[in-house]
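Reading through the structure tokens given below for one structure.
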Amino acid sequence: MPANRFNAFTDYGIGLGLRVPHYAHILERKPLVDWFEIISENFMVDGGRPLQVLDRILEQYRVVQHGVSMYFGSADKPDRAHLRKLKTLVKRTKTPWLSDHLCWGSIDGTYTHDLLPMPYTFSAARRTAEKIRQVRDYLEVPICVENVSSYAEFHVSEMTEWEFLREVVERADCGILLDVNNIYVSSQNHNFDPYDYLRGVPPERVGQIHIAGHTRFEKYLLDTHDHPVLDPVWKLYARATQLCGVSATLLEWDDRIPSFGEVHREALKAKKFIGGARTHQSQSKASEPRRARRDAKVMSAP
Amino acid sequence: MKAVRPIGLKPPPRHAPRRLRTDADLRALQRLMTHALVQPLRPNDEVAPRFHAGRPMAEVVGEFIKPNDRLTAVERLQIYAHSYWSRLIDCVYDDAPGLRALLGEKKFSALVRAYLAKYPSRSFTLRNLCSRLPQFIREEPRWTAPDPARAHAVARFEWAQTVAFDGEARAVLTPEDLAGRPPAKLRLALQPYVSLLVLAWPVDDYVIAVKQRDALRDEASHAVDHGPRASTGKRVARPRRGRVNVVVHRYRERLFYKRLSAPAFKILAALAAGQSVARAVAAGGRGVTPAAVQEWFATWMELGWFCRRQAGRANRDKSRSIKPEA
């Protein structure tokens, strides 16, 4: 679903994360980029240079907000002051949708600043979905939740991660920011087939896709965002676009950040892998009337 | 490092919940895991062998995290613990280069770990991570011995820079706003991003020198990213005792430090404390001439330091912490 209600019926193409080392290049050279993703928290400030830079970016580019600290899965209630600041930023950027992670990272008001994995239980899914609804109702903008990379699993879990994801998004009636690198990293760390995960995702809810690089250590993979995207992740991305359609795609590169040009070239590689999906989509569209007629026939049968 | 109770975090449950049926179960699990994460790492960067109340960490973590075919439960937790400590320590290194230079690598590293163990983050943004560092240095002077007062001065100054960088800016007062208002009744508020500091050492010069040295190092190496904990290289001479009155502020979205004479600073401090203009000017002392006062106010107005006082909001900001170190 390239454009759906979870990304405000937009078709944004391939975007980049807006990062400090690239500010000067972007503001001076004004490169042609489909859109930028900003980390909301970096701009949830009361004044100063961050907002000045953001306003200049907003004059030229489409911007989507991505958060790292809403912690939908935390047992804490949403923090009112946090929400107020976030809403102020939403009004400033006019982000068509907003994403944050399906994880927790704070408790009793203490923040770890990490994306900690959820226990995959029905009660946690219910609690998480309720919080997503509260946040969406307050912010008045569609929300997509992102699957995280994880390195630990809980004894109390009652289902797979993709079943949990489905349970949450259907209860919350929200979208998915599908991070295919995170699926790959977690699949290697927890011994599951990443394609099983993809098949378990409700495709009609995918509003955005993330791609990124990771690092392989002796006993596990770490989601480092400091490399180009690796082949298995590109393959997974190609399959994801076949299953879910060509959603707004964003390359995350957050550490050892190379030049703007290099990051942009890496992001644009995505075009190579979505060709199949475009063909697949146009074939699906072409076959839609026939399928509809066949369905109608079945329905009218005695 | 001796285990300390993190401020703000409620005590962990004795055992992990066996099932998650309620929100309270989820809270208990998350509280337990958070306690395990924020416990300081050992010198070899491994998680501590014992949890609260002396229980073996492996036993506690094994209650809620599954092992896999390559990693034990504790090893899996350790990935998160490393990440937690690295992220927060890097952040303090970024925000306190002057304090690091003053204390030296070993002492600074120990201070940061002790600070974070006692004061884990209580904000959704890492921007506020060092807000309680000056307070911690005062509470636990042993980490910065033999010169905690000087370390405290640098920490206050560096926190003021964070405030000046992205603190709130309110509508600037214009001369028209003040026209016809009698000084005896006129009260002005300072912009929230402005900090007034009386420092017993000229740490403004010192921090500038440290930043210039670090900038030169980056330029010389041509490396894209050293990470904040890369070696600092050449030593900058420590500041010698000498009282200065410094205003940390921003102008056209850039950070500045402005030194003021004692009378000018007293006037500004009195205004920040909520005094009327007439009383604030009197606080400047007898030697102050009307011409000097006029010139100071003209400069401060031009820098945009004054804003309207807000009804119903505290205009006396205690966090401005004007007093000098002991």
Side-chain angles (χ1 to χ4, degrees), chain A residues 21 41-53 67-71 73-76 79 81-82 85 104-114 116-119 121-124 126-127 151-158 189-191 217-220 222 226 255-259, chain B residues 6-10 16-31 33-34 37-38 62-66 68-71 73 75-77 79-80 83-84 87-88 91 120-127 129 164-170 191-193 224-225 227 250 253-254:
Chain A
E41 286 74 4
N42 291 348
F43 300 94
M44 286 162 67
V45 293
D46 296 316
R49 185 164 152 72
L51 294 179
Q52 185 196 37
V53 170
V68 292
S69 63
M70 184 51 72
Y71 297 139
S74 165
D76 284 350
D79 178 72
H82 183 178
K85 279 183 182 266
W104 68 282
S106 65
I107 193 72
D108 302 328
T110 291
Y111 286 76
T112 66
H113 301 282
D114 205 345
L116 301 175
M118 291 298 298
T121 69
F122 289 99
S123 69
R126 197 165 48 242
R127 175 83 188 93
Y151 315 100
E153 300 160 290
F154 294 102
H155 288 298
V156 290
S157 287
E158 297 160 351
N189 290 340
H190 307 313
N191 302 324
F217 290 92
E218 191 188 341
K219 293 183 178 177
Y220 61 95
L222 197 63
D226 62 351
D255 210 356
R256 299 175 197 273
I257 301 174
S259 70
Chain B
I7 303 285
L9 194 56
K10 293 187 179 162
R18 293 186 173 198
R19 285 185 179 178
L20 290 196
R21 287 193 174 147
T22 64
D23 289 356
D25 293 334
L26 180 65
R27 182 174 294 281
L29 177 70
Q30 293 182 343
R31 202 175 273 162
M33 184 160 165
T34 302
L37 287 177
V38 303
E63 280 183 0
F64 59 94
I65 290 182
K66 281 184 195 173
N68 70 4
D69 55 350
R70 288 156 283 165
L71 297 163
E75 285 169 337
R76 296 183 105 179
L77 179 95
I79 297 170
Y80 286 105
S83 168
Y84 169 78
R87 180 176 294 112
L88 268 61
C91 180
S121 173
R122 299 285 293 170
S123 166
F124 69 89
T125 165
L126 283 167
R127 178 253 191 210
L129 191 62
F165 179 70
D166 58 14
E168 182 189 356
R170 295 182 191 158
Q191 291 285 5
Y193 62 77
V224 175
D225 186 3
R250 68 171 183 256
E253 313 308 348
R254 292 186 63 188

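The most heavy-atom pairs under 4.5 Å with chain B, out of A124(A), P119(A), S259(A), come from P119(A). Between chain B and the options S106(A), S157(A), G109(A), P117(A), the largest number of non-hydrogen pairs under 4.5 Å is found for G109(A). With chain A as the partner, the residue from G62(B), S83(B), S123(B) showing the most heavy-atom pairs under 4.5 Å is S123(B). Counting heavy-atom pairs closer than 4.5 Å to chain A, the top residue among D69(B), I7(B), D25(B), L77(B) is D69(B). Per-residue heavy-atom pair counts under 4.5 Å with chain B were compared for E218(A), M70(A), H113(A), R126(A), and the maximum is reached by H113(A). For the set L222(A), V45(A), D114(A), N42(A), the count of heavy-atom pairs under 4.5 angstrom toward chain B peaks at D114(A).
Considering only heavy atoms from C-beta on, L20(B) stays 4.5 Å or farther from M118(A) through its side chain. Side-chain contact between T34(B) and W104(A): present, with at least one pair of heavy atoms (C-beta onward) separated by less than 4.5 Å. No side-chain heavy atom of M44(A) sits under 4.5 Å from any side-chain heavy atom of T125(B). Contact of the L51(A) side chain with the D166(B) side chain is not registered, since no non-hydrogen atoms from C-beta on lie closer than 4.5 Å.
D108(A) and R31(B) make their closest contact through OD2-NE, 2.7 Å (heavy atoms, listed as atom of the first residue, atom of the second, distance). Of all heavy-atom pairs between Y84(B) and Y111(A), the closest is CE1-O, 4.3 Å.
Between the Q30(B) side chain and the G73(A) main chain, a donor and an acceptor come within less than 3.5 Å of each other.
Atom CZ of R18(B) is surrounded by 12 or fewer heavy atoms from other residues, nucleotides or ligands within 6.0 Å.
Contacts of L126(B) with chain A are made by both backbone and side-chain atoms, with heavy-atom separations under 4.5 Å. Contact annotation for L129(B): neither backbone nor side-chain heavy atoms come within less than 4.5 Å of a heavy atom of chain A. Proximity to chain A (any heavy atom under 4.5 Å) is shown, for R127(B), by neither the backbone nor the side chain. With a threshold of 4.5 angstrom between heavy atoms, P6(B) does not approach chain A through any atom at all. With a 4.5 angstrom heavy-atom cutoff, R122(B) touches chain A via backbone and side-chain atoms both.
Applying the side-chain contact (heavy atoms from CB on, under 4.5 Å) test to R76(B) and every residue at least two apart in sequence or in another chain returns A152(A), E153(A), H190(A), I65(B), K66(B), N68(B), L71(B). Remark: Y220(A) pairs with F217(A) by the ring-ring contact (aromatic ring centres under 6.0 Å, His included) rule, at least two apart or across chains.
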Apply side chain to side chain contact (heavy atoms under 4.5 Å, CB included) to residues D76(A) and R27(B) and explain how you reach the verdict.
CA-CA 8 Å; D76(A) 284 350; R27(B) 182 174 294 281; 2.9 Å; yes
What do the steps show when you test L116(A) against L37(B) for side chain to side chain contact (heavy atoms under 4.5 Å, CB included), and what is the final call?
CA-CA 11 Å; L116(A) 301 175; L37(B) 287 177; 3.8 Å; yes
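Annotation: the span from R87(B) atom CZ to T112(A) atom OG1 amounts to 7.5 Å, rounded to 0.5 Å.
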